[in-house]
Structures are given as C-alpha cells and as structure tokens.
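What follows is a short report on a single structure.
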Amino acid sequence: MDNNSPKVEESIIKERKASNFIRSLIIEDNKTGKWGNRVHTRFPPEPNGYLHIGHAKSICLNFGMAQEFGGITNLRFDDTNPVKEDIEYVDAIMEDVKWLGFDWEDRLFYASDYFDRLYELACELIKKGKAFVCELNPEEMREYRGTLTQAGKNSPFRDRTPEENLDIFVKMKNGEYPDGSKVLRAKIDMSHPNIVMRDPVIYRIRRAHHHRTGDKWCIYPMYDFTHCISDSLENITHSLCTLEFENNRPLYDWFLDELNLYHPQQTEFARLNLNYTVMSKRKLLQLVQEGYVNGWDDPRMPTICGLRRRGYTPESIRNFAEMIGVAKSESIVEFGQLEFAIRDHLNKVAPRVMAVLNPLKVSITNYPENQSEFLEAVNNPEDETQGTRQVPFTKELYIEKDDFMEDPPKKFFRLSPGSEVRLRYAYIIRCDEVVKDDNGEIVELRCTYFPETKSGNQTEGRKVKSTIHWVSAENAVDAEVRIYEQLFMVENPNDTSEGKSFTDYINPDSLKIIKNAKLEPSLTAAKIGDKYQFERLGYFCVDYDSKGNNPVFNRTVTLKDTWAKISNRA
Ligand code: ATP
Ligand code: MG
C-alpha cells in the first residue's frame, strides 16, 4: 500500500487524535490486578453554574471509560462552597448528564452528605497532631506561606497541643467564633517545595446557608480535604481530574495516608480548550448576567444546554469527545472539530427539506391558474430508509433572492434574465421578465416552465448548469430563522494582554434574525427539537420559542466547513 496516500495519512491523524492514555492506564491496571479489575469513576461537578462542553469531555471520559470496562460511575455534587451553589444548577447538571446519554443509576452523591464524617476525620487529624487551629489573618497567612523560591515560616499557632486544638475546633463548629477568625490547617511542612503542602487550610468558619444542610454548619471543609475523602468513601478506583490539580495530588495522597483510608489513584488529564469561545463558569455567568446572551441556554453558548438548543445531538458530542482524545498536555481544539462532529451525525439522520430564507417570488406564467401537483422528493439520499415525501408545486413559488442576478458575472449559473435553471425535484424554468417596484427593487420574476423536463423524466439533451431549491408560495409555512455566528471575533478571547476583557471581543453580529422565511409545508409537523437539513443552506433545529403555526428555527451549523475556508484564505 502507498503510505503517502491521503487516506492513510487521514487514518494516522485519526488514530493519533483518538489516543487516550486513561484507557491504556486502565488496561494496565487490569493486567496487574491493581483494583481487582474494578473500574469505578465519578463525575464531580460543583453546582455553581451550568455544564459546558469541557465538562462534557470529563463526563464522556468518566462514564465512557467505566462503561467500556464494565465498571460504574457516580455523580457527585462537590457542594462545599454554600455561597456560590444553587439547586437550579443541581437540576440542570443532572438533566445535561442524562441527555448526554449517561446513567449514574442509584449513585447520586453530595459531598455535603459527608460533612459529619469529614468533621470526625478532621478531629482525628487533630488528635494525631496533624492539624492545628490557626489565627493568622489572610494577609499574614500569605506572608508566612513563602514563595516558589522561598520557604515559608511556621505559624505561631502551630505548636498548640492536640487537646487545645480539639477544644477550639469543637467551639469553631459550635459557632463560638466569628466568620474568618480561625481556620483549621493541616500540619505538613512550611518549607515544602510544593506550596500546596505548606500547611493548607482544611476548614474555615462561614455562616452561610447551604442548599442541602441548611444552617446546620457554620464551618465548611475545603475542596482538597473533601475531594479525596469523598472519593475514598465512595470506593472510587480512578479519580480523573484536570491538570491544574496535579500540584494538589501530593495533598490528596497525604490526607488519605495520614487517615489510613482506602486510597483511589488521582490521575490528571488536559482540560478541553476550544478556540473562539470561553469556558470558565465565571465568564459564562458574566455573559448571562450582563445580557450579552439570552440565558445559559442561548444557542451561542458553549454550555451543554446551549448546544442542545442549537441542535447538537448527544451522539455528536460523544463522538467529538472520542475524536479529540485524552492527553497529558494542554492544547486548543478547533471549534471546527465540534462542527465536524455535528455535521457528520446530522448528515446521516436529519431529513432534507426545502426552505427559502430570503424569498423572491416567481410566477410561472404558463402554469395553469388553480392547478397544483405533488412532486416526489427524497428525504435523505444518505439513507434510503428515510423514504420520500410529496412537495406541492404551484403557479407561484419562492426562490432564494441570492439565486437570481439581473446582471450576472460570467460564472453565475443560476437564474438570470433569459437563463434556465432546474428547480429541485421539479422542472426546468426560464426567466422571462423581471418585475420591480417603484424603488427599483426586484419583487417578482416571471418565468416559463417546461413540462417535459419534470424531474425523473428522461430529459436528455436538456442540460442546465444549476439546480436551486424553492417553495410553493401558496402552501409555504412562515417561519423565523435565527442565524448564529461565533460569539467571539478572535480565536482566543481569554487573551487579556492588551488590557482587554473577553467581552471586548464579542461579535456584534453573532445573531441575525430572519423573520419571513418560507418553508415547505411538510414542516407544519415539525416539533421542538426536530432537526433538518435545509437543502443548500445548512442544518436547522426547531426552537422552543416556536408558536402554533409559526415555527422558529435555529441554524445549528452550515453545510460546509466554513472554518476550513477561512484558514485556506489566511
Ligand atoms: P470552571 O473552570 O469552568 O469553573 P470547574 O473545573 O471549576 O470549571 P467543576 O464543576 O469543578 O468545574 O468541574 C467538574 C469536573 O469537570 C471536574 O472534574 C473538572 O476537572 C472537569 N472539567 C471542568 N472543565 C473542564 C474542561 N474544560 N475540560 C475537561 N474537563 C473539565
Ligand atoms: Mg472545580
């Protein structure tokens, strides 16, 4: 075989893209019997925002790997920060994980369920002389911590006896001290080269109402302490998290070792970064709160609910996750890859229909008044089982404004005065006359049709260079169509090097609303969430703003990879 053929090259690229070192790790663990062939993962979102496509990568990895190896996955809400968390987010996260096609069965957990146990374990650390109550204020604490190049100093409170520490800690829990006045810290090593290990805080005082535990607690455990213990209590085997937690792994191990608890293995992977978008929940929240978009599920958002509303399918997102693979080093994935995944799926499953977004009326002068007929149209040439449908042909039609030019350049093969074009599934027509209004706007074309050229007839000897789509005027469904472009104008909106904020890069033309699109009548049956290919235009999905006989469609994606074109031009 010729190794330089593009086919081979393509498959090599695919292979490389799909590499997933977690898969290899699990295979290795199963070989050595490290976990007794168990694979038990968890997806641990913090309920402080909606899930985004980056979370989808983590969901597909955690649930996907467990599924592949006959294991199980827990859904665990990491709800240790009562101030930012909300039940609205809990519900939305569950909906999104289910929609992606994953099932945690009866394994729904909340870190807050472990507050009692965590408190006991903190007491145990104190008794072992491995934790102490510290009263340095945050500023002093920072000062004592040292820097990357300089060791820290011991807190003056570090040498309290376990008895004294325990006594104060119990009083902290009982609400005897004001917020922020004391913290519990692990007693590790203030000169540790890894700053994370310099006596990290494990409990703080915070009188905040928790969405599950109410006002039971006024002290809350920190993430690093909670996370490893939650993993341990749930018997997790592979604790997968993103690279920014690499420095925290020694602490993860330290807590579990000191407390002599069952010890899952934390492994870090590179988070998903996508160009032309932002993915931090803080920034997504800002987009919503400041009205740059219409909510978390705005179809321009990289949130899972936004993508769903836009017309993405769970299959396409799962394929995307598989396609990009899992690696140990950061990279930026092109948005075009996500679009490739949805196009690839919709190409197979979405029925094709005709829709005219910018209608121009066409009258067929030689077609009898009051006559109409049904013509057979193929629903999806990629899949014969999707069958055919009947589309009505009448004397008055709409075609796309763009498909006509009064003064066409040489290579324009669509309709122009005197030229002929085929109407998809119908006849060849010729443009005889252009009708304009008082402002000189073209409002109508008068055309002749040729009955003998009916689609499917033997029409040898009659060739036209172009086929265009159309809709019968009499039977058209009026629709609103929302055309989306990227929300940001630059590849990396997170780049603040010139004193800019990511909101400075917002694309002012990211949403264009077409109010008077005309659709073929089969679309009266379209339901919210249904997906179609509008022939020659792209993939579109019915939005929940649709009312009665006036559907609203979101453009999911164009037919061709416009990104590829952009980079070719560049
Ligand atoms: P953000 O930075 O957007 O606020 P987060 O990491 O704080 O996200 P969590 O709710 O803690 O959000 O995330 C839950 C899980 O999803 C974590 O295991 C986290 O590592 C993973 N995750 C978050 N963002 C990404 C991403 N971009 N790519 C892959 N995994 C991610
Ligand atoms: Mg987090």
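Read the numbers this way: they start at 1 and go in the same order the structure lists the ligands and their atoms. FYI, the numbering just counts along the sequence from 1.
Here's the thing with Asn48: none of its N/O atoms is less than 3.5 angstrom from an N/O atom of ligand 1. Residue-to-ligand polar distances keep Phe245 apart from ligand 1: every N/O pair is separated by 3.5 Å or more. The distance criterion of under 3.5 Å between nitrogen or oxygen atoms is not met by Ser280 with respect to ligand 1. Some N or O of Met279 is nearer than 3.5 Å to an N or O of ligand 1, by distance alone. Backbone and side-chain nitrogen or oxygen atoms of His55 are examined, and one is located within less than 3.5 angstrom of a nitrogen or oxygen of ligand 1. Inclusion of His52 in the set of residues having an N or O under 3.5 Å from an N or O of ligand 1 is warranted. Note: an N/O pair closer than 3.5 Å links Leu272 and ligand 1 by distance alone.
Remark: aromatic rings of His210 and Phe115 are close, center separation under 6.0 Å. Under the 6.0 Å cut-off for aromatic ring centres, Phe540 and Tyr532 do not qualify, their centroids lying 6.0 Å or more apart.
Listed by chain and residue number, Glu95, Asp96 satisfy the salt bridge (Lys or Arg N to Asp or Glu O under 4.0 Å) test with Arg308 (two or more places apart in sequence, or in another chain). Residues meeting the side chain to side chain contact (heavy atoms under 4.5 Å, CB included) test with Ala92, sequence neighbours left out: Tyr50.
Comparing Arg76, Lys84, Glu46, Arg42 by heavy-atom distance to atom 10 (O) of ligand 1, the nearest is Glu46. In this structure, of Glu268, Arg271, Lys283, the residue bringing a heavy atom nearest to atom 6 (O) of ligand 1 is Arg271.
A salt bridge is absent between Asp78 and Arg42; no separation between the charged side-chain nitrogens and carboxylate oxygens falls under 4.0 Å. Checked for salt-bridge contact, Asp298 and Arg482 miss the test: no charged N lies under 4.0 Å from a carboxylate O.
Proximity to Ser58 (heavy-atom distance under 4.0 Å) selects the following atoms of ligand 1: 16 (O), 21 (C), 30 (N). Numbered from 1 in the order shown, with element, the atoms of ligand 1 that lie under 4.0 Å from a heavy atom of Thr242 read 19 (C), 20 (O), 29 (C), 30 (N), 31 (C).
For Ser232 (side chain) and Tyr262 (main-chain N/O), a donor-acceptor pair under 3.5 Å exists by modelled atom type. No donor-acceptor pair closer than 3.5 Å links the side chain of Arg310 to the backbone N or O of Asn554.
Residue Arg282 does not touch ligand 1, judged by heavy-atom distances below 4.0 Å.
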